[in-house]
Amino acid sequence: MKIFNFWNKNQKIFIIISCMLFGAAHIGNYTGNNNSIAYYFITFAPQISFGFILCYIRIRIGFEASLTTHSINNFIPLILSAFTC
């Protein structure tokens, strides 16, 4: 029960850390040779935002829904890139 109490008291902190890690793990999706702080903020912010969306879906609906949303999000650009080549 102590673990559940710890989770409930610190849930927002865990969500923020999780979204930051999600954004950091996906920053490699963007390639570019611009090393300015603004460039990294512009590319990092959407990743963090999508992390918050996935966290919200995970908490409200469940893990499978969050996983499905992430998979669809990855699948759409894959399909679109097949038509451009």
Side-chain angles (χ1 to χ4, degrees):
M1 290 298 167
K2 288 184 181 182
I3 291 175
F4 292 118
N5 289 337
F6 181 75
W7 166 255
N8 288 333
K9 284 172 46 177
N10 299 306
Q11 186 175 15
K12 291 178 184 177
I13 294 170
F14 287 132
I15 290 172
I16 292 169
I17 291 170
S18 172
C19 293
M20 298 292 279
L21 291 173
F22 181 86
H26 289 83
I27 197 70
N29 293 349
Y30 298 99
T31 57
N33 49 1
N34 187 347
N35 291 327
S36 71
I37 294 174
Y39 172 78
Y40 285 110
F41 178 74
I42 291 169
T43 57
F44 195 58
Q47 302 297 333
I48 294 174
S49 299
F50 191 62
F52 277 112
I53 291 168
L54 291 176
C55 280
Y56 180 80
I57 292 170
R58 164 63 180 95
I59 291 169
R60 294 292 181 192
I61 301 173
F63 176 75
E64 294 83 10
S66 179
L67 182 68
T68 303
T69 304
H70 189 266
S71 298
I72 291 169
N73 185 60
N74 290 345
F75 187 68
I76 291 171
L78 179 70
I79 294 300
L80 293 176
S81 68
F83 292 115
T84 59
C85 294

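Starting from 1, each residue takes its place in the sequence as its number.
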### Task
Indicate if Ile15 and Leu21 have the same hydrophobic cluster label, given that clusters are the connected sets of ILVMFWY residues with side-chain heavy-atom separations under 4.5 angstrom.
no
### Task
Rounded to the nearest 0.5 Å, what's the gap from OG1 on Thr68 to CG on Asn73? Could you check?
12.5 Å
#### Entry: Residue Phe14 excluded, over 12 heavy atoms near CZ under 6.0 Å
yes
### Query
Does any N or O in the side chain of Ser66 come within less than 3.5 Å of the main-chain N or O of Leu54, such that one atom is a donor and the other an acceptor?
yes
### Separation between CD1 of Ile61 and OG1 of Thr69, rounded to the nearest 0.5 Å
7.0 Å
#### Entry: Transitive ILVMFWY side-chain link Ile59 to Ile13, under 4.5 Å
no
## Note on the structure
What one should report as the nearest heavy-atom pair of Ser18 and Cys55 is OG-SG, 4.1 Å
### Message
Once rounded to the nearest 0.5 Å, what's the spacing between atom CE of Met20 and atom CD of Gln47?
### Response
12.5 Å
### Query
Picking from Ile79, Asn74, Leu80, what satisfies side chain to side chain contact (heavy atoms under 4.5 Å, CB included) with Ile76?
Leu80
### Message
Is there a path of hydrophobic side-chain contacts, each under 4.5 Å between heavy atoms, that joins Phe44 and Ile17?
### Response
no
### Message
For a side-chain contact (heavy atoms from CB on, under 4.5 Å) check, start with the C-alpha distance between Phe52 and Ile16, then their side-chain angles and the critical distance, and finish with the verdict.
### Response
CA-CA 8 Å; Phe52 277 112; Ile16 292 169; 4.2 Å; yes
### Query
Which of parallel (below 30°), tilted (30 to 60°) and perpendicular (above 60°) describes Phe50 and Phe22?
tilted
